[in-house]
Number of protein chains: 2
Amino acid sequence: MEPNIVTGSFQLMKSLNRSVILNTIRKKGAISRADIAKTTKLTPPTVSNLVKELLETEMIIETSLGVSSGGRKPTLLTLNSEMFHVIGLDIGSHHLKILLTDINGRIRKKQIHPIPDSITNEGLLDLMITSIYTIQKNEQIDRDKIIGIGIGMHGIVDVDQGVSIFAPNLKLKNIRVKDVLEKEFQMMVQVENDARAMSLGELWFGNGHGNDSIVCINVGRGIGAGIIINGQVFRGEHYISGEIGHMVIDLNGPKCTCGNYGCLQTFASGPAIVERLNKELKLGESSILKNKENEIDGEVIYQAALAGDLLSQNVLNKAGRYLGVGVTNLIHIVNPKRIVISGGVSNAKEFILESVKETIEQRALTDSAKQTEVIISKFGEDATVMGAIALILSQLFATPSNN
Amino acid sequence: MEPNIVTGSFQLMKSLNRSVILNTIRKKGAISRADIAKTTKLTPPTVSNLVKELLETEMIIETSLGVSSGGRKPTLLTLNSEMFHVIGLDIGSHHLKILLTDINGRIRKKQIHPIPDSITNEGLLDLMITSIYTIQKNEQIDRDKIIGIGIGMHGIVDVDQGVSIFAPNLKLKNIRVKDVLEKEFQMMVQVENDARAMSLGELWFGNGHGNDSIVCINVGRGIGAGIIINGQVFRGEHYISGEIGHMVIDLNGPKCTCGNYGCLQTFASGPAIVERLNKELKLGESSILKNKENEIDGEVIYQAALAGDLLSQNVLNKAGRYLGVGVTNLIHIVNPKRIVISGGVSNAKEFILESVKETIEQRALTDSAKQTEVIISKFGEDATVMGAIALILSQLFATPSNN
DNA sequence: TTAATTAAATATAATTATAAACTATAATGT
DNA sequence: ACATTATAGTTTATAATTATATTTAATTAA
């Protein structure tokens with residue numbers, strides 16, 4: 001089965017130009033036909049014709065008149081953000097987060113539903129469906145004004161089939177998300193791994209904005225990366241690109257849940273940090289967390305560090321340095337312009353970020369590699385669900401490549 | 001400075017279709033206009049028109065008549081391989097290898113020139129220029145029948161500027177290869193890092209053929225990888241993607257030349273293997289290489305292993321397992337369909353390949369990841385120079401994306 | 001021989017971008 | 001106030017292509 005060959009045709013030409021114009025409006029905000037022609041190098045009549053069609057489909061609207069510096073005032077065009085909407089879902093281990101946004105990614109409504117323990121495939125799909133109906137009815141938005149449903153979930157996702165192949169934290173396999181939701185709602189459905197969705201979210205709306213080659217690292221219970229190359233999510237052959245949690249950085253390191261030894265995850269994930277702190281406490285290190293062994297989690301350690309607890313600060317710093325080793329390996333392989341760190345552990349940015357940066361500075365091979373930008377996610381907890389929104393928008397605004 | 005926006009135009013449409021047709025002829029060999037129309041889904045008149053132009057430029061020729069199953073015999077079209085040629089250079093540490101091929105990558109002439117010790121930038125450029133004149137005159141090929149010059153060289157290469165930023169083995173910096181050669185020869189010049197060139201060579205002509213997402217790992221004095229995604233060389237932001245030789249796999253491992261500890265290179269490169277064997281000999285291990293410490297290099301170890309020397313076999317096996325750890329890390333990050341191993345160490349394939357595969361089988365996260373194909377380079381020593389040829393051909397046959 | 005079949009060329013139509021001319025509108029200078 | 005100039009946007013005509021339909025050419029098989 002050959003992949004469809006992209007040939008030049010009138011259709012392609014037109015849809016390419018329509019897409020160029022649409023993206024120009026999206027990126028520049030309110031812009032006149034004349035300015036679109038200038039920035040895209042399309043001729044004014046071409047722009048006028050395609051703008052007319054876009055106005056008819058109500059994808060864009062004429063808003064106001066701009067200022068003139070001598071001459072007719074430009075009529076400014078913007079996306080018709082009131083008209084169309086997108087739904088995003090984040091399927092976590094214990095909660096389903098659902099978001100309704102406009103076409104610019106501005107949030108209209110956010111809801112959270114608990115996911116019962118030992119849920120089945122059908123149960124989860126039902127929960128997704130009812131949550132979508134609920135948010136849609138609450139906000140009274142016609143179904144045909146919703147463009148699509150994006151879903152970010154942990155584990156391994158077959159994006160082409162729209163199937164969650166394995167979701168370890170829910171103990172589920174082969175959930176046919178796309179099929180079921182497309183049948184129920186008759187609209188575009190995109191399913192993606194959480195870290196990869198996240199990275200697209202940061203690219204579109206967050207701290208990756210303006211770049212086209214970033215890596216987003218999700219440090220929480222596990223560690224996963226989403227790799228963006230040329231503005232596209234990079235998935236690899238079997239949808240497991242970016243599984244850096246199981247990158248071996250110490251052949252003689254601690255045993256990992258995956259069976260190997262010295263995976264990055266055993267050094268820098270949330271659980272690894274908690275474990276390290278507990279170990280140090282047992283060894284008799286002094287800390288304000290002494291005798292609170294049962295209450296300790298990531299947030300507690302972070303608060304203790306903020307309160308000046310040296311042991312907590314030290315443990316977080318160390319995690320940052322280990323993470324830095326993994327990040328440096330990643331820089332030497334993928335060499336992105338910017339790395340965005342998100343997930344639970346990134347909350348403790350004051351104690352993590354600097355040691356990651358220092359480690360890169362020490363270890364990277366070249367001056368340019370040392371200059372790789374490392375920043376914290378803009379969205380924190382909401383990174384995945386924003387990414388789910390971006391999944392749909394990136395389809396909507398994609399430049400066509402087949403006819 | 002915005003990147004040029006790709007807009008639809010008649011030019012683009014036509015050049016896209018011309019490129020589609022040209023690539024169809026390249027891939028399928030002798031093919032009729034009618035079959036081109038069928039495989040590309042272009043209409044017969046479109047194909048006829050563009051074929052006429054391609055015949056006029058002499059890029060393709062009508063060869064023979066095919067067989068008919070009732071009806072007019074098809075006239076078969078092929079690339080005019082006799083007409084156009086490509087030159088490839090491999091700049092090694094001690095030798096310059098130069099190759100002249102036809103447009104299908106078939107070798108017409110190969111020459112090797114020694115590179116003097118302590119050569120200067122100018123000296124190296126002169127050597128490149130004279131080697132090109134020599135091979136051109138030897139084969140009596142007009143300059144306007146040579147499409148371009150591809151160059152693969154070790155170290156860090158700025159592909160856009162065509163500058164070798166740093167070539168450690170030659171102790172040279174900032175060699176302005178592209179500028180100088182383009183001025184001298186008035187033709188296309190492409191410079192690329194050796195491992196990346198190599199990977200393109202394997203993709204076009206070698207053991208990556210038919211794939212569009214492979215990783216080629218060059219294991220020799222150092223370890224470097226070339227990553228191919230969607231048929232394109234992936235370079236990263238600062239041209240250092242694939243520098244896996246300095247991927248840390250053991251935080252407490254041996255010191256590397258780069259200053260860090262436990263880089264993959266300290267476990268699985270040629271020098272690392274020699275060093276390990278010497279160490280074992282000093283510890284008193286029995287081997288046919290005993291008391292030959294001064295003669296030992298990679299080739300000697302390989303021959304000893306072939307001759308049944310257990311220590312040599314063991315050392316090579318171990319290197320394969322360490323390499324496997326690095327490769328597994330790479331699989332979890334880049335997740336290619338196929339991995340091609342080349343470079344000096346890959347000569348010892350009988351003792352390396354199986355242990356790499358076993359390690360992946362043991363360590364990879366998912367069944368599909370375990371199934372990543374691992375094979376040895378088709379070209380061995382000539383992998384880089386074949387890649388240099390592929391650099392030019394990939395430009396020549398590139399599908400246009402800007403006008 | 002003749003009908004059917006396949007290949008390729010030709011004529012004509014349809015689609016869309018492009019160029020040039022034109023209309024609309026506003027700011028500015030006198 | 002009014003001409004001049006500048007800018008925005010539309011209309012019309014034209015050019016560059018691909019798409020469709022038709023024709024011609026060359027074979028094979030009955």
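All values below were derived from every heavy atom in this structure, side-chain atoms included, with hydrogens, water molecules and symmetry-related copies excluded. In what follows, chains are A, B, ... by sequence order, proteins preceding strands, each numbered from 1.
Ion pair Arg338(B)/Glu202(B) not flagged as a salt bridge, since none of the NZ, NE, NH1 or NH2 atoms sits closer than 4.0 Å to an Asp/Glu carboxylate oxygen. Taking the charged nitrogens against the carboxylate oxygens, Arg176(B) and Glu182(B) have no contact shorter than 4.0 Å, which rules out a salt bridge.
A donor-acceptor distance shorter than 3.5 angstrom exists from the side chain of Thr24(B) to the backbone of Val20(B), with no hydrogens or angles considered. Formation of a donor-acceptor pair under 3.5 Å by the Ser241(A) side chain with backbone atoms of Phe234(A) is found in this model.
Ring pair Phe397(B)/Trp204(B) is tilted by interplanar angle, where 30° to 60° counts as tilted.
Proximity of Arg72(B) to the phosphate of dT28(D): no side-chain N or O atom is located under 4.0 Å from OP1 or OP2. Side-chain nitrogen and oxygen atoms of Asn17(B) include at least one within less than 4.0 Å of the OP1 or OP2 phosphate oxygen of dT18(D). Residue Ser48(B) has a polar side-chain atom (N or O) positioned under 4.0 Å from OP1 or OP2 of dA9(C). Residue Thr46(B) has a polar side-chain atom (N or O) positioned under 4.0 Å from OP1 or OP2 of dA19(D). For Lys38(B) and dA7(C), the shortest distance from a side-chain N or O to OP1 or OP2 is below 4.0 Å. Here Ser68(A) does not reach the OP1 or OP2 of dA26(C): none of its side-chain N or O atoms lies under 4.0 Å away. Using a 4.0 Å cut-off, no side-chain N or O of Ser69(A) falls inside it from OP1 or OP2 of dA26(C). Within the structure, a side-chain polar atom (N or O) of Thr75(A) is placed less than 4.0 Å from OP1 or OP2 of dG9(D).
Regarding Arg18(A), its CZ atom lies at a distance of 14 Å from the C1' atom of dA17(C), rounded to whole Å. Following rounding to the nearest Å, Leu16(B) (CG) and dT18(D) (C1') show an atom-to-atom distance of 13 Å. In this structure, the NZ atom of Lys41(B) is 19 Å from the C1' atom of dT20(D), given to the nearest Å. Counting to the nearest Å, the C1' atom of dT10(D) and the CG atom of Asn49(A) are 9 Å from each other. Distance, Gln11(B) CD to dT18(C) P: 9 Å, rounded to whole Å. When the C1' atom of dA24(C) is taken as reference, atom CZ of Arg33(A) falls 13 Å away, rounded to whole Å. Atom pair Ile21(B):CD1 and dT17(D):C1' shows a separation of 13 Å (rounding to whole Å applied). Rounded to whole angstrom, the span from the CE atom of Met13(A) across to the C1' atom of dA16(D) amounts to 8 Å.
The nucleotide whose nearest atom lies closest to any side-chain atom of Phe10(B) is, among dT18(C), dA16(D), dA8(C), dA16(D). In the set dT18(C), dT28(D), dA8(C), the nucleotide with an atom closest to the side chain of Lys73(B) is dT28(D). Checking dT16(C), dT18(C), dG9(D) against every side-chain atom of Lys14(A), the shortest atom distance belongs to dT16(C). Taking only side-chain atoms of Ala34(B), from C-beta outward, the nucleotide of dA19(C), dT18(D), dA8(C) with the closest atom is dA8(C).
With the nearest nucleotide of DNA chain C identified for both Leu65(A) and Thr43(A), Thr43(A) has the one nearer the 5' end.
Residue contacts shown for Lys52(A) are absent, as no nucleic acid heavy atom lies under 4.0 Å away. In this structure, Pro44(B) reaches neither bases nor backbone, as no heavy-atom distance under 4.0 Å exists between it and the strands shown.
Partner of Asn335(A) under the side chain to side chain donor-acceptor pair (under 3.5 Å) criterion, chosen from Arg235(B), Glu237(B), His238(B): His238(B).
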